[in-house]
Amino acid sequence: MKMKFVCMFLLAAALTACNGASQKKSNTTAAAAAATEQVVSVSDYFGTYEGEIPAADCEGIKVVLTINEDKTYALQSEYLGVEKDNKFETNGVYNVVEKDLIELVTPSSGDKTYYKIIDGKGLMLSDEAGTVNDGELAEFYILKRK
């Protein structure tokens, strides 16, 4: 009988722990949704954006992204704190894959990079589903309009 009680207790504790993790994930998802809640209309994203995004192997990456009305873009990246081969420029075409998600396509490689349009803030680096960083460094993934 004692063993049965211990097993039931452990099962209840495990279910409570899983429920707490689920609620924590739900809170994180809600925070991400709140960060991207305000969306700009598609016709209002043309222009030049800049910012400095975090990097694991240098001081950061200075990014300047120009989105043109003719469906082309220019992306300049400078790796800060690196002396040689630290500047890169990519030109290509883009698609608006959702009302607030821009897909940059590099013609030579087919590589794709995604930016979410954030009202009042600019463009935020995201994944192909439009999921943005909602951690403590989230603000550093936003390129602000010049």
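Values below: all heavy atoms of this structure, side chains included; hydrogens, waters and symmetry mates excluded.
- Within the model, atoms CG of Leu101 and NZ of Lys116 stand 6.5 Å from one another, a figure rounded to the nearest 0.5 Å.
- Counting non-hydrogen atoms of other residues, nucleotides and ligands closer than 6.0 Å to CD of Glu136 gives a total of 12 or fewer.
- Between Asp134 and Tyr141 the shortest side-chain heavy-atom distance does not fall below 4.5 Å.
- Scanning for side-chain hydrogen bond (donor to acceptor under 3.5 Å, both in side chains) contacts around Ser109 gives Asp111, with sequence neighbours left out.
- Contact detail for Glu59 and Glu52: the closest heavy-atom pair is O-OE2, 4.1 Å.
- Looking at heavy atoms from C-beta onward, Leu143 lies in side-chain contact with Tyr115 at the 4.5 angstrom threshold.
- Asp85 CG: 12 or fewer foreign heavy atoms inside a 6.0 Å radius.
- Applying the 4.5 Å side-chain rule to ILVMFWY residues, one finds Val105 in the same cluster as Val93.
- At a threshold of 4.5 Å between non-hydrogen side-chain atoms, the residues Tyr45 and Val96 count as touching.
- The two residues Arg145 and Phe46 come nearest to each other via the heavy atoms NH1-O, 3.1 Å.
- Partner of Leu104 under the side-chain contact (heavy atoms from CB on, under 4.5 Å) criterion, chosen from Thr90, Leu65, Asn95: Leu65.
- Looking at heavy atoms from C-beta onward, Leu123 lies in side-chain contact with Ile102 at the 4.5 angstrom threshold.
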Handout entry: Steps toward side chain to side chain donor-acceptor pair (under 3.5 Å) verdict (Ser126, Thr131)
Key = CA-CA 5 Å; Ser126 74; Thr131 307; over 6 Å; no
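- Tyr114 pairs by the side-chain hydrogen bond (donor to acceptor under 3.5 Å, both in side chains) definition with Glu103, not counting sequence neighbours.
- Within 6.0 Å of the NZ atom in Lys71, the count of heavy atoms belonging to other residues, nucleotides or ligands exceeds 12.
- By the rule that hydrophobic residues join a cluster once side-chain heavy atoms approach within less than 4.5 Å of another member, Ile53 and Val64 end up as members of separate clusters.
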